[in-house]
2 protein chains.
Amino acid sequence: MASSRNLQAKTCQVPDTTVVEGDCLDILSEQRAHFADLVYIDPPFFTQKHHKLKTKDRSRTFSFSDLWDSHEEYARFFFDRLQVCWQVMRPTASLYFHCDRNAVHIVRMILDEVFGNENFRSEIIWTYRRWSNSRRGLLPAHQNILCYTKSSDFTFNTIYTEYSPSTNIDQILQQRERDADGKSVYKRDSHGQPIANGSKRGVPLGDVWDIPYLNPKARERVGYPTQKPILLLERIISLSSNPCDLVLDPFCGSGTTLVAAKMLGRKYMGIDTSRDACELAQSRLDNPIKSESNLLQSGRESYRNADEEILRFLHEISFAPVQRNRGIDAILDREIDGKPILVRIQRQSETVYECATKLLKASNGKDAGALFVIKTHDENTLGFFDAIPSNVTVFDSTSYSIGEAIKQLNIHEPLAGR
Amino acid sequence: MASSRNLQAKTCQVPDTTVVEGDCLDILSEQRAHFADLVYIDPPFFTQKHHKLKTKDRSRTFSFSDLWDSHEEYARFFFDRLQVCWQVMRPTASLYFHCDRNAVHIVRMILDEVFGNENFRSEIIWTYRRWSNSRRGLLPAHQNILCYTKSSDFTFNTIYTEYSPSTNIDQILQQRERDADGKSVYKRDSHGQPIANGSKRGVPLGDVWDIPYLNPKARERVGYPTQKPILLLERIISLSSNPCDLVLDPFCGSGTTLVAAKMLGRKYMGIDTSRDACELAQSRLDNPIKSESNLLQSGRESYRNADEEILRFLHEISFAPVQRNRGIDAILDREIDGKPILVRIQRQSETVYECATKLLKASNGKDAGALFVIKTHDENTLGFFDAIPSNVTVFDSTSYSIGEAIKQLNIHEPLAGR
DNA sequence: AAAGTAAATGAATCAGTAA
DNA sequence: GTTACTGATTCATTTACTT
């Protein structure tokens with residue numbers, strides 16, 4: 001039963017920006033058809049924890065019905081609700097269903113049934129880095145988002161991204177033609193020069209999205225367990241709706257979708273069975289806070305200070321690159337008296353003395369076992385070389401193997417099992 | 001029927017390194033049980049191209065059997081073959097099933113049935129960059145690999161990767177303890193200094209793998225249309241088998257799996273119904289080739305030339321960064337007479353003259369419409385400034401808006417529709 | 001000068017798509 | 001179905017540079 005605490009909802013038609021308490025099956029059944037331009041669904045995840053499948057006789061005949069038995073309840077719940085979602089969607093609307101690896105195959109089958117396989121558009125992979133655990137196997141680092149549209153004529157705003165660093169875009173900017181054999185070749189003028197072909201917009205966005213998981217300390221976080229990054233929602237809303245379109249979230253939870261929709265100038269309707277969730281969502285909408293974390297703004301790569309080129313000097317020895325500290329480039333896998341060895345590689349623009357000083361300063365409070373500086377080029381160091389602190393060891397990358405030099409020191413291998 | 005052209009196969013037991021022609025259903029039924037340590041399956045992908053679902057009455061009752069009708073043939077084929085795979089797997093063995101977004105949900109249900117949901121381990125996402133096209137929607141850029149094991153006690157060798165650039169690695173290297181309130185805090189010695197925790201091995205490998213797509217020109221390529229990169233197979237084999245273990249590929253195609261297995265010192269058995277495929281696989285095994293490209297060795301980022309800091313000088317105008325050419329930082333989205341405008345931003349270590357010279361040289365043979373240099377800092381350019389080539393325009397980033405300056409030039413917008 | 005390294009260029013491809 | 005056409009990617013080759 002719909003138990004809406006929203007006055008407008010009781011009169012069947014809700015306004016363009018609202019949060020409604022109740023079961024979306026009931027609420028949406030009362031709405032007029034074809035009002036939503038974009039539906040985002042992020043329901044409680046399906047886990048089979050307490051639902052071990054019974055032991056099977058593996059030689060018996062294959063039966064499809066068996067495959068469904070354990071999923072029937074879950075499937076029916078969403079089939080019913082996706083049906084009403086389909087009904088309220090405009091002809092050009094899209095639906096995104098957020099799920100994880102335990103449910104994606106079931107959801108996919110239901111969506112195929114409701115929307116038709118021909119309206120399946122994408123399986124989006126949201127990938128993120130997260131804390132590792134001791135689990136045996138690969139660290140799960142993605143969730144799946146299925147995208148269906150109501151028809152083949154759907155709203156879609158292509159987002160263009162940068163070319164791969166290894167792409168030669170000047171070649172892309174050349175005209176092509178067919179040669180005598182019908183083969184496609186780059187066109188050249190009478191002087192043998194390639195002929196330009198104007199500008200390009202970049203690479204269309206793909207279906208694998210690397211978006212940082214919400215930082216547990218971020219202000220944006222409001223304490224809802226499955227809260228999604230606002231960046232993820234913003235991307236979906238930008239792709240599949242236009243300003244003033246209506247975004248519907250039938251399981252709105254803490255209201256991230258609605259906040260993103262509001263910020264992008266879309267109308268929105270959120271539904272949740274929990275009164276707490278609805279109140280939380282409404283308070284976020286009244287005072288939206290978007291995380292301004294460095295990570296989201298400048299991208300993960302901006303943290304990279306020890307780049308590949310620098311680290312190449314260490315290729316002979318095993319180490320862990322340090323990306324977050326401007327003074328330290330790497331920590332070796334070997335150690336001295338159980339204490340880590342910190343390394344900095346001399347930059348082109350700095351002297352060995354400056355390099356050693358930066359490393360020394362960065363090592364403050366780190367309880368380092370040793371400090372190593374890798375000298376990468378010759379310089380006029382006459383005056384300064386004596387001033388290098390005695391607890392810093394300087395290795396010359398140009399004269400002999402760093403690996404050999406380090407082996408000659410009495411350094412212990414790390415203890416096993418760590 | 002098994003029509004093996006391999007003498008050993010006819011005697012039921014094949015040797016430890018072999019390629020057999022025939023249907024894996026027949027071949028594997030003849031084998032002894034429990035001989036395979038790792039099974040990799042990469043069958044022809046399931047496409048519903050010629051199988052449009054009939055129009056449905058969307059208001060009728062939900063029926064599970066309908067969902068399966070269109071997939072039944074495909075599902076039964078693999079159910080039968082996965083059963084025999086299961087039978088030949090050792091108790092500690094793993095099976096990897098490679099498929100794409102059109103089949104992953106069906107395969108998942110079958111594998112749940114054969115192995116049990118409790119033995120589902122991972123959904124691996126293989127992501128890659130590839131050519132784009134004019135498709136409306138997101139560019140498909142991943143394939144799915146499902147991993148199941150025969151039991152909960154399975155072979156697994158964790159692979160460690162580098163920490164994310166944003167990881168606070170020096171904190172990881174500190175010992176932790178519980179404080180009076182039972183909260184986990186970083187341990188400090190009597191002087192308040194943090195105590196080191198030795199070295200770490202890095203982050204356990206996750207389930208999203210960015211591995212370059214096999215290039216059309218790669219020497220590794222043998223002309224098989226769906227050939228997979230050896231690196232992908234090497235990773236799977238390293239993770240889930242040990243040296244001398246046996247790797248089975250029931251749909252071996254051109255034999256990439258077998259080549260990777262051989263290179264890693266594993267035994268292998270390949271099966272394919274096509275005689276051509278078997279012969280191709282055998283010839284690759286006799287003379288294995290693996291690409292050692294710069295991209296694989298140094299990573300995509302090693303191509304990067306113009307970093308964020310440099311490109312920030314162009315924030316007012318729209319452009320495409322150029323990463324592959326050391327002399328050019330960007331190509332503007334605007335053009336002159338249909339020819340591209342090439343830009344280089346002055347580095348801290350170079351003069352305007354040097355900057356212009358590098359750009360001019362790099363522009364050779366590029367049919368540029370104009371060459372722009374962005375001056376970033378003052379210098380003693382008295383003598384050199386006159387020597388700057390006349391076809392290079394110098395903009396001063398410090399004096400006034402670059403965007404405004406460029407707008408004042410008579411530059412055409414790119415033609416629409418490109 | 002010769003050899004070896006690094007950078008720039010070109011070619012081939014389409015578990016491509018759209019009409 | 002069949003045909004026509006697309007364009008980013010990556011590796012191999014060629015050219016440039018360094019020692």
Side-chain angles (χ1 to χ4, degrees), chain A residues 121 152 160-179 181-188 192-194 197-206 309 312 398, chain B residues 42-50 52 98-104 126-145 210-231 251 253-254 289-300 302-303 305 320 322-328 358 361-366 417-418:
Chain A
R121 296 291 158 219
S152 58
Y160 292 95
T161 62
E162 280 193 11
Y163 291 89
S164 163
S166 55
T167 294
N168 36 352
I169 76 164
D170 41 327
Q171 190 181 34
I172 291 174
L173 292 172
Q174 292 169 22
Q175 288 181 32
R176 285 207 294 195
E177 62 183 347
R178 301 260 171 207
D179 69 3
D181 303 328
K183 222 177 62 176
S184 177
V185 295
Y186 290 98
K187 199 170 176 178
R188 288 167 185 282
Q193 291 289 302
N197 190 25
S199 57
K200 297 278 170 174
R201 291 169 297 192
V203 187
L205 183 66
E309 194 181 353
R312 206 172 297 151
T398 55
Chain B
D42 180 19
F45 282 0
F46 172 65
T47 48
Q48 273 196 323
K49 258 180 207 162
H50 316 295
K52 282 274 163 70
H98 193 128
C99 50
D100 75 350
R101 60 193 206 284
N102 296 304
V104 64
W126 170 37
T127 172
Y128 44 82
R129 293 169 162 270
R130 39 155 262 196
W131 58 94
S132 67
N133 49 41
S134 49
R135 174 188 150 106
R136 187 174 183 79
L138 296 168
L139 191 66
H142 78 274
Q143 287 173 21
N144 310 61
I145 304 171
D210 185 350
I211 294 178
Y213 202 86
L214 193 58
N215 186 272
K217 287 204 76 177
R219 202 179 299 170
E220 185 179 315
R221 183 175 271 272
V222 294
Y224 215 75
T226 62
Q227 194 181 342
K228 301 292 178 294
I230 284 186
L231 187 62
F251 299 83
S254 60
I289 296 169
K290 182 189 165 190
S291 300
E292 294 287 355
S293 72
N294 180 49
L295 183 71
L296 288 175
Q297 273 181 1
S298 319
R300 205 172 270 130
S302 70
Y303 286 80
N305 161 52
V322 175
Q323 304 296 1
R324 222 205 33 144
N325 189 304
R326 299 255 168 222
I328 306 168
K358 281 181 188 167
K361 198 176 155 202
S363 74
N364 187 26
K366 292 267 192 291
R418 277 199 308 220

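Values below: all heavy atoms of this structure, side chains included; hydrogens, waters and symmetry mates excluded.
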Open item on the list: Taking donor-acceptor contacts at under 3.5 Å, does the side chain of A:Q171 reach the base of C:dA11?
Closed with: yes
Task: Nucleotide nearest B:R219 when distance is taken to its side chain, options C:dT13, D:dA16, D:dA12 - done: D:dA12
Task: B:R129 side-chain N/O to D:dA8 phosphate OP1/OP2 under 4.0 Å - done: no
TODO: Compare the minimum distances between each of C:dA15, D:dC11, C:dA18 and the side chain of B:D42, then state the nucleotide with the smallest one.
DONE: C:dA15
Open item on the list: Regarding B:N325, tell me which of base, sugar-phosphate or nothing describes its non-hydrogen contacts under 4.0 Å with the strands shown.
Closed with: sugar-phosphate
- [ ] Evaluate the ring planes of B:Y213 and B:W126, with Trp represented by its six-membered ring, and classify them as parallel (under 30°), tilted (30 to 60°) or perpendicular (over 60°).
- [x] parallel
Task: Per B:R135 side chain, nearest of listed nucleotides D:dT9, C:dT17, C:dA15 - done: C:dT17
- [ ] Using a heavy-atom cut-off of under 4.0 Å over every strand shown, decide if B:P43 touches base, sugar-phosphate, or nothing.
- [x] base
Open item on the list: With hydrogens left out and only the distance checked, is there a donor-acceptor pair under 3.5 Å joining B:N133's side chain and the base of D:dT6?
Closed with: no
- [ ] Give the rounded distance in Å between these two atoms: CD of B:Q227 and C1' of D:dC11.
- [x] 13 Å
- [ ] Would you mind classifying the nucleic acid contact of B:R300 as base, sugar-phosphate or nothing, using non-hydrogen atoms under 4.0 angstrom?
- [x] sugar-phosphate
Open item on the list: Please report the interatomic distance CG(A:N168) to OH(B:Y303), rounded to the nearest 0.5 Å.
Closed with: 10.0 Å
TODO: Would you indicate, yes or no, if D:dT10 has its OP1 or OP2 atom less than 4.0 angstrom from a side-chain nitrogen or oxygen of A:S164?
DONE: yes
Task: Touch class at under 4.0 angstrom, heavy-atom based, for A:Y163 against every strand present - done: sugar-phosphate
Open item on the list: Using a heavy-atom cut-off of 4.0 Å across all strands, would you classify A:I172 as base, sugar-phosphate, or nothing?
Closed with: base
Task: Upstream residue (5' side of DNA chain C) when B:K228 and B:N215 are each assigned their closest nucleotide - done: B:N215
Open item on the list: Output the rounded distance in Å from CG (B:L296) to C1' (D:dT10).
Closed with: 9 Å
Open item on the list: Could you identify the nucleotide paired to C:dT13, looking across every strand shown and requiring Watson-Crick or G-U wobble geometry with both distances under 3.5 Å?
Closed with: D:dA8
- [ ] Tell me what B:S293 touches on the nucleic acid: a base, only sugar-phosphate, or nothing, going by heavy atoms under 4.0 Å.
- [x] sugar-phosphate
Open item on the list: Reading DNA chain C from 5' onward, which residue's closest nucleotide shows up sooner: B:K366 or B:T226?
Closed with: B:K366
- [ ] Determine whether B:K228 and B:L214 make a side-chain contact, defined as any pair of heavy atoms from C-beta on separated by less than 4.5 Å.
- [x] no
TODO: Nearest whole angstrom, please: distance from the P of D:dC17 to the NZ of B:K358.
DONE: 12 Å
Open item on the list: Heavy atoms only, 4.0 Å cut-off, all strands: where does B:P44 land among base, sugar-phosphate and nothing?
Closed with: base
- [ ] For C:dA19, give its Watson-Crick or G-U wobble partner with both distances under 3.5 Å, or none.
- [x] D:dT2
Open item on the list: Can you tell me how far apart CD (B:Q143) and CG (B:N102) are? Round to the nearest 0.5 Å.
Closed with: 10.5 Å
Open item on the list: Tell me the closest heavy-atom pair linking B:R129 and A:Y163, and the distance in Å.
Closed with: NH1-C, 4.1 Å
Task: A:S166 side chain near D:dT10 phosphate (N/O to OP1/OP2, under 4.0 Å) - done: yes
Open item on the list: Ignoring hydrogens and geometry beyond distance, is the side chain of B:N305 in donor-acceptor contact with the base of C:dA7 at under 3.5 Å?
Closed with: no
Task: Contact under 4.0 Å: B:R130 side-chain N or O vs D:dT9 OP1/OP2 - done: no
- [ ] Decide yes or no for B:S302 and B:Q323: does some side-chain heavy atom of the first lie under 4.5 Å from some side-chain heavy atom of the second?
- [x] no
TODO: Would you mind telling me which of C:dA15, D:dT9, C:dA12 lies closest to the side-chain atoms of B:K217?
DONE: C:dA12
Open item on the list: Is the phosphate of C:dA8 approached by B:Y303 (side-chain N or O, under 4.0 Å from OP1 or OP2)?
Closed with: no
Task: Sub-4.5 Å side-chain heavy-atom contact between A:Y160 and A:P204 - done: yes
Open item on the list: Suppose you measure atom P in C:dA12 against the same atom in C:dG16; what distance do you get, rounded to whole Å?
Closed with: 22 Å
